[in-house]
Asks: 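Before anything else, here's the structure in question.
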Amino acid sequence: MSSHLLNKGYDPKEAERRWYAYWEKEGLFAAADVSDKEPFSIVIPPPNVTGVLHMGHAHNNTLQDILCRYRRMQGYNVLWMPGTDHAGIATQNVVEKGLAEEGKDRHSLGREEFVKRVWQWREEYGGLIIKQLKHLGASCDWDRERFTMDEGLSKAVRTVFVKLYEQGLIYRGDYIINWCPRCHTALSDLEVDHEDHNGHLYYIRYLFEKGEHGIVVATTRPETMLGDTAVAINPNDKRYGDLNKKRVILPLMNRVIPVILDEYVDMSFGTGALKITPAHDPHDFEIGRQHNLASIKVIGGDGRMNEQAGRFQGQDRFECREAVLEALKAEGLLEKIEPYQHSVGHCYRCRTTIEPYLSKQWFVKVKPLAEKAINAVKTGAVRIIPDTWTKTYFEWMNNIKDWCISRQIWWGHRIPAWTCEECGEMIVAMEPPKACPSCKGKTLVQETDVLDTWFSSALWPFSTMGWPDETQALKTFYPTSVLVTGFDILFFWVARMMMMGLHFMNEVPFKDVYIHALVRDAEGKKMSKSKGNVIDPLYVIDEFGTDAFRFTLAAFAAQGRDIKLSEDRIEGYRHFINKLWNAARFSLMHLSDFRPDETGRDIKGLSLADRWIMSRLSSVAGTVKTRLDEYKFNEAANTLYQFVWHELCDWYLEMIKPVLYGNGALSEGETKAGSSRYETTRFILWSALNKTLRLLHPFIPFVTEEIWDKLPGTRGSIMNAEFPAVDKGRYDVEAEASMDLLMGITGRIRNIRGEMNVPPSLQLEAIVQSAESDVRETLDEHRDIIINLAKLEALEITLPGERPASCATSIFGNSTIFVSLKGIVDFKAEQVRLDKEIAKISKELDVVGRKLSNEDFLAKAPQEVVKKVREKRERLEEKRNKLQENLVKIKQLADDA
RNA sequence: GGGCGGGUAGCUCAGUUGGGAGAGCGCCGGCCUUACAAGCCGGAGGUCACAGGUUCAAGCCCUGUUCCGCCUACCA
């Protein structure tokens, strides 16, 4: 077997390994900092360094890879910047878990040693997801791979922090933040997942300091009462009379606390009296501030009651809730308990219930930054696609709150702030200060907190390109062309990159944001380990091949609709890869000794099939380009699927078989080899396959490269080949119209065969009658095609005339088709078939008739439309009449028989 | 509470400015036709969630209803 021939089956595994290694070795993914070519750049949404490839990554990166390969083939200087994210809490959790197995914890190791361990872990396992992305075919410029904890990126982080601090956009202070008692750190508002919880509303009586009764408050969290410093009433609430200056005794603690008046209190909720715990509730904190109340923390950072909780000290907060309720009951102060549904915050990393917690943290003042980011979208400097997300974006940005950026963990960018032990001065600087600028003191203690991981990823589009240095990469590739990401990190990441990019680069970080949907399981449920419904991309790749997988993801990537994935669906697209492979295998059988450069110079006399496939290809190339430019990956993929399977394979390859096999279609006395017809056909076949491969490459890189490699006349990787542009010169309206006719007539004959159960081995005679001379001419000229594809013995083309005997009938356009069923005709079956057909037409005629008898329609609809409908009625009527005639004849024949 | 998306064939979904309801899979029937049975040929199957409205004309535009999903929110 020649090296040009393909094996019977395609072996994805072997080919994928081989070609990926080749691409890497040849440096085909490399971007040029300096180039004449137009730049196209994407920064990868950096996966967590702890991550393993899941469906979300696979989908996200497939789309990016399609864009990158597409642009590369269009001649752009493409940079796809890869890297990973240090994922502070997640990574720390992973390493801590490892330590726990050794019976150690990070505190026994100490900070420095612990961080060292994390780096070790990263060296060992951190590259995993990068390897997995390579299995996916990702064409990232791996030489530029970045990590958010790299020296360069760390410098960018420090620079940004210092500048924002100096600009007054970073501040430090005591506020209520979201605290995860398990991770032992503050979290931003975004990092809290709210879930509805079936809890209770507890009514507790606080007795007056003097006198009876007291006030009943309602709360969902009785344990926080231990830290209450007031009870608040709405000043307009007449029920409570004059409470001014009254005080109540806090039960269990026997602390006397004031009753205060505040309009915040909702009179209609509960009893209209609100207990105030400034240290454990954000609103209470606000009210406490306005009324100068003390804040008493009763829950510690570990989620246990502290020394302020009196006899409850040491209890877990939920344990304490029960204990408090018991104690209240014992004192007769628990008035009632009502079931109550409310939402409870959970840590997005470990699901632990969040504790609103008063502590000293660092914040970014985001309002001023957000304004610019809002504007960028308003002015169109950044396009969000699909547009429906724009509204969500504005909604969030307009209501944005300050961003808590400090985390009480060890793995991350340590905040570059130092406190002078001697005078208390705070120093924020790029490098550790030698001495206190205020008192010259030498004892400077660095802030122990690290920054939110998203703080560093917010800088990703420019930090990865070398900022704060003015690098050539930044000059060439910033702003990036497009960001491809899921909506789940629109706020976490996209919005913050916009703010930081605009603030520090004075330019948007990307021109387009393409927001893709989520990959779900076959039932539409979110894939999650706990549900056990995850499909592992690596398993899929192993089972079906990367190309089948990628094509599936692309084909289902309709904008704004989640992808429901199942193995069945991927298997379906594996069939497509197989189809392409076999079409190529067939083609190469006939092209092994073909020299396109020699033949290409003087091809002439294209056949109808040739003209048609080239016309279709040009049209397909146009559609694919348009759809990709609009990020309509599914439409691009489906266009190609349809073309390859149903045009290239079903019709074109079938039509040229006689030429390739030398079974006729040649002039009298001509032999196959060397005939111009044969060579021209081979050239067009070669050309069609060549173009098709290039159109498909961005979607299915491996199999296209493998076939490309075997295709004569190709040099080098298909990655460097040109993406086919629309070739207007190839548009051939006439050829397409002729083919529509031929395909239609063939279809009608096949339909008769199928309906009448005529086996393919039985060749039939057919007659087509048409009153139109150009139709007859076309059919006459290309009768071979119909004979071949409808498996006929002979085809006669005539003017309308006598109806031949013993025939089944069908209509296409103005043509009547008679298929001779001499000896096998089943009159009954034919009657049924015709009845069915006529019924269908009658139904359509009803609709059309109603329209045309409507005077308003005739008067008000555009003339064009009216004309169209009239023509349609004529066509349908003609068709029905003809079929009816035939039905009558068939009935006669049936009666005679 | 607010916002968004969706309801089209048995399943998963397309349907661009309103003007002839589509695909893939599945199903039924016929074929081992020399690229492919992971295939070829043919076929059946839909009151476009429901109710109104605008229009000569609505899957598409408007209003309401309903069901599903998601995001978001401080009523203790």
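Just so you know, these numbers use all the heavy atoms, side chains as well, and skip hydrogens, waters and symmetry mates. Below, chain A is the first sequence line, B the second, and so on; all start at residue 1.
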Asks: What's A:Lys632 touching, base or sugar-phosphate or nothing? Going by heavy atoms closer than 4.0 Å.
Replies: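 Here A:Lys632 touches no strand at all.
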Asks: Test: side chain to side chain donor-acceptor pair (under 3.5 Å). Region: residues 838-852 of chain A. Which pairs qualify, not counting sequence neighbours?
Replies: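 Every pair satisfying side chain to side chain donor-acceptor pair (under 3.5 Å) with a residue in residues 838-852 of chain A: there are none.
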Asks: Hey, does A:Ala859 reach any base, or is it just sugar-phosphate, or nothing, if we go heavy atoms under 4.0 Å?
Replies: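 No contact.
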Asks: Using atom C1' of each nucleotide, how far apart are B:G22 and B:U16 to the nearest Å?
Replies: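 That atom pair is separated by 15 Å.
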Asks: Using the P atoms only, state how far B:A23 lies from B:G46, rounded to an integer number of Å.
Replies: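 Looking at atom P only, B:G46 and B:A23 are 15 Å apart.
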Asks: Select base, sugar-phosphate, or nothing to describe what A:Asp266 touches, counting heavy atoms under 4.0 Å on all strands.
Replies: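 Base contact - A:Asp266 has a heavy atom under 4.0 Å of at least one base atom.
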Asks: Give me the distance, rounded to whole Å, that separates B:C62 from B:C75 when you measure between the C1' atoms they each carry.
Replies: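 About 35 Å, rounded to a whole number of Å.
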Asks: Can you tell me which nucleotide in B:U16, B:U72, B:U12 comes closest to the side chain of A:Phe491?
Replies: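 Taking heavy atoms from C-beta onward, the closest nucleotide is B:U72.
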Asks: From CD of A:Glu755 over to C1' of B:G30, roughly how many Å is that when rounded to an integer?
Replies: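 Value for this atom pair: 11 Å.
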Asks: Check this for me: does any side-chain nitrogen of one of A:Lys867 and A:Glu864 sit under 4.0 Å from a carboxylate oxygen of the other?
Replies: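 A salt bridge is absent here (no side-chain N lies under 4.0 Å from a carboxylate O).
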Asks: Of the nucleotides B:C41, B:C11, B:C40, which one has an atom closest to the side chain of A:Trp645?
Replies: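 Given the options B:C41, B:C11, B:C40, the side chain of A:Trp645 is closest to B:C40.
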Asks: So A:Thr392, base contact, sugar-phosphate only, or nothing? Heavy-atom distance under 4.0 Å.
Replies: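 Touches nothing.
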Asks: Quick check for you: among B:A38, B:G19, B:A23, whose closest atom lies nearest to any side-chain atom of A:Ala861?
Replies: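 That would be B:G19.
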Asks: Kindly state each residue pair satisfying salt bridge (charged side-chain N to carboxylate O under 4.0 Å, His left out) with at least one member in residues 636-645 of chain A, sequence neighbours excluded.
Replies: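 Listed once each, the pairs would be none.
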Asks: Please classify the nucleic acid contact of A:Glu630 as base, sugar-phosphate, or nothing, using heavy-atom distances under 4.0 Å.
Replies: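 Here A:Glu630 touches no strand at all.
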Asks: Given the C1' atoms of B:G59 and B:A49, what is the spacing between them in whole Å?
Replies: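 My reading of the C1' atoms in B:G59 and B:A49 gives 12 Å.
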Asks: Tell me whether the side-chain N or O atoms of A:Lys579 pair up with the base of B:C36 as donor and acceptor below 3.5 Å, since no angle test is needed here.
Replies: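 Between B:C36 and A:Lys579, which were checked side chain against base, a qualifying N/O pair under 3.5 Å is present.
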Asks: With heavy atoms under 4.0 Å as the rule, sort A:Lys843 into base, sugar-phosphate or nothing.
Replies: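 Nothing, no heavy atom under 4.0 Å.
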Asks: Run the numbers on A:Glu338 and A:Tyr202 for side-chain hydrogen bond (donor to acceptor under 3.5 Å, both in side chains), then give the verdict.
Replies: CA-CA 7 Å; A:Glu338 280 175 355; A:Tyr202 303 96; over 6 Å; no
Asks: Using Watson-Crick and G-U wobble pairs whose two distances are both under 3.5 Å, how do you write the pairing of RNA chain B as dot-bracket, with | for links to another strand?
Replies: ((((((((.[[[[.)...(..]]]].(((((.......))))).....[[[[[..)....]]]]])))))))....
Asks: Nearest to the side chain of A:Thr220, heavy atoms from C-beta on, is which of B:U72, B:G42, B:A76?
Replies: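 Looking only at side-chain atoms, A:Thr220 lies closest to B:A76.
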Asks: Looking at B:G42, B:C74, B:C56, which one has an atom nearest to any side-chain atom of A:His194?
Replies: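 The answer is B:C74.
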Asks: Looking across every strand, which nucleic acid part, if any, lies under 4.0 Å from A:Phe576 by heavy atom: base, sugar-phosphate, or nothing?
Replies: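 No contact.
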Asks: Would you say the side chain of A:Tyr340 and the base of B:C75 hold a donor-acceptor pair, judged only by whether the two atoms sit under 3.5 Å apart?
Replies: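 When only heavy-atom distances are counted, A:Tyr340 does not reach the base of B:C75 through any donor-acceptor pair under 3.5 Å.
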Asks: Contacts to RNA chain B from residues 275-286 of chain A, heavy-atom cutoff under 4.0 Å, which residues?
Replies: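 Contacting residues: A:His283.
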Asks: Apply ring-ring contact (aromatic ring centres under 6.0 Å, His included) to A:Phe857 and list each qualifying residue two or more places apart in sequence or on a separate chain.
Replies: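 A:Phe857: no ring-ring contact (aromatic ring centres under 6.0 Å, His included) contacts found.
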Asks: Given B:G19, B:C70, B:C40, identify the nucleotide with an atom nearest to the side chain of A:Phe487.
Replies: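 Closest nucleotide to the A:Phe487 side chain: B:C70.
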Asks: Of A:Phe544, A:Phe551, A:Phe643, which is the lone residue that meets ring-ring contact (aromatic ring centres under 6.0 Å, His included) with A:Phe576?
Replies: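 It is A:Phe551; the other options fail the test.
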Asks: NA contact type, A:Val869, heavy-atom cut-off 4.0 Å: base, sugar-phosphate, or nothing?
Replies: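 Nothing, no heavy atom under 4.0 Å.
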Asks: Where the side chain of A:Arg750 is concerned, which of B:C25, B:G42, B:C4 is the nearest nucleotide?
Replies: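 Closest nucleotide among those given: B:G42.
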Asks: Assign A:Tyr573 to base, sugar-phosphate, or nothing according to its heavy-atom contacts below 4.0 angstrom with the strands shown.
Replies: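 Contact class for A:Tyr573: none.
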Asks: Can you name the residues that form a ring-ring contact (aromatic ring centres under 6.0 Å, His included) with A:Phe285, not counting sequence neighbours?
Replies: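 A:Phe285 satisfies ring-ring contact (aromatic ring centres under 6.0 Å, His included) with no residue once adjacent residues are dropped.
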Asks: So A:Lys401, base contact, sugar-phosphate only, or nothing? Heavy-atom distance under 4.0 Å.
Replies: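 If one applies the 4.0 Å heavy-atom cut-off, A:Lys401 turns out to touch the sugar-phosphate alone, with no base involved.
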